[in-house]
Amino acid sequence: MPRHWLLKSEPDVYSIDDLARDGRTFWDGVRNYQARNLMREMEVGDLVLFYHSSASPPGVAGVARVAEAARPDPTALDPASPYHDPKSTADEPRWSGVEVEFVERLPRFVPLGSLKAEPELSEMLVTKRSRLSVQPVRPGEFAAVRAMGGAGDA
DNA sequence: GCCAACGTTGGC
DNA sequence: GCCAACGTTGGC
C-alpha cells in the first residue's frame, strides 16, 4: 500500500500547472530536518497532495506521485543557489529531495478553509502544523480531500 | 504588510 | 545544555 503525503509549494515559484507542464520534477530546497526526514521515508508510488502555500487562498491544487526515492539535494552544494548550505558537503550531504511526477489537477481547488471546516479532517496536520512543508497524510484524509476536489475514482 | 508560530544558531 | 536572539514560514 502506498503511503500518502502533502507537499507545499508557493505557486508563484512552482505550481501544480508547472508540474503538469513538466511531467516530473525534483523536489529540492527543503531545509528543515523534520521535513527532510519525512521525504527520506517516501517510496516510489507514494501519493502526494500538492498544496499551494502563501497563496490566496492557500489549499490543495492537485495530486502527484513519488517517482524516485530520496537522493542528495544538489542545490545545497551550489554556491549560486538560493538553497546553498555551506555546511553540506558531497561526502556528507545534509539535505535530500525526491522526484515527483504529475498525477492530476483537482477539478476544484480545495482551500485551507474547507479543510479546516471538515470534521473528518480535524486532525489533519496542515490545519495544525502550518509551518511543516512536508507532512504525512492518512489514507482517509487523502481520499476525503480528493473527493472534496471533485476527483473521480483513482 | 503584519505578526504569530516555530526552527536554528551561537554565546555562555 | 540552556536560552536569547534571530530568521523564516505562511495565514490573514
With a 6.0 Å cut-off on ring centres, are Phe50(A) and Trp5(A) close enough? no

Under 3.5 Å, is there a donor-acceptor pair between the side chain of [X] and the main chain of [Y]?
X: His4(A); Y: Ala143(A); value: no
X: Asp78(A); Y: Thr75(A); value: no
X: Arg31(A); Y: Tyr83(A); value: yes

Determine the contact category for Lys128(A): base if any of its heavy atoms lies under 4.0 Å from a base atom, sugar-phosphate if only primed atoms, P, OP1 or OP2 are that close, otherwise nothing. nothing

Under 4.0 Å, counting only non-hydrogen atoms across every strand here, what does Arg129(A) touch: a base, just sugar-phosphate, or nothing?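 The answer is sugar-phosphate, as Arg129(A) gets under 4.0 Å only of primed atoms, P, OP1 or OP2.
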
Tell me the interatomic distance from [X], atom [atom1], to [N], atom [atom2], rounded to whole angstroms.
X: Asp85(A); N: dT8(C); atom1: CG; atom2: P; result: 13 Å
X: Gln34(A); N: dC6(B); atom1: CD; atom2: P; result: 11 Å
X: Leu125(A); N: dA5(B); atom1: CG; atom2: C1'; result: 15 Å
X: Gln135(A); N: dC6(B); atom1: CD; atom2: C1'; result: 14 Å
X: Lys87(A); N: dG7(B); atom1: NZ; atom2: P; result: 17 Å

Among Arg138(A), Met148(A), Lys116(A), whose side-chain contact (heavy atoms from CB on, under 4.5 Å) with Leu121(A) holds?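 For Leu121(A), the side-chain contact (heavy atoms from CB on, under 4.5 Å) check succeeds only for Met148(A).
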
With a 4.0 Å cut-off, would you call Glu104(A) and Arg146(A) a salt bridge?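 Judged by the 4.0 Å cut-off on N to carboxylate O distance, Glu104(A) and Arg146(A) do form a salt bridge.
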
Compute the angle between the rotation axes at the two ends of the helix from dG1(B)-dC12(C) to dC12(B)-dG1(C), each taken over five pairs, rounded to 10 degrees. 10°

Take the angle between the ring planes of His52(A) and Phe109(A) and call it parallel below 30°, perpendicular above 60°, tilted in between. tilted

Between Glu43(A) and Arg3(A), does the salt bridge (charged side-chain N to carboxylate O under 4.0 Å, His left out) criterion hold? Intermediate values first, please. CA-CA 8 Å; Glu43(A) 295 179 3; Arg3(A) 295 181 69 188; over 6 Å; no

Could I get a table of every N or O pair under 3.5 Å where one atom is in the protein and the other is in nucleotides 10-12 of chain C?
residue, atom, partner, partner atom, Å
dG10(C), OP1, Lys8(A), NZ, 3.4
dG11(C), OP1, Tyr51(A), OH, 2.7
dG11(C), OP2, Ser54(A), N, 3.1
dC12(C), OP1, Lys116(A), NZ, 3.0

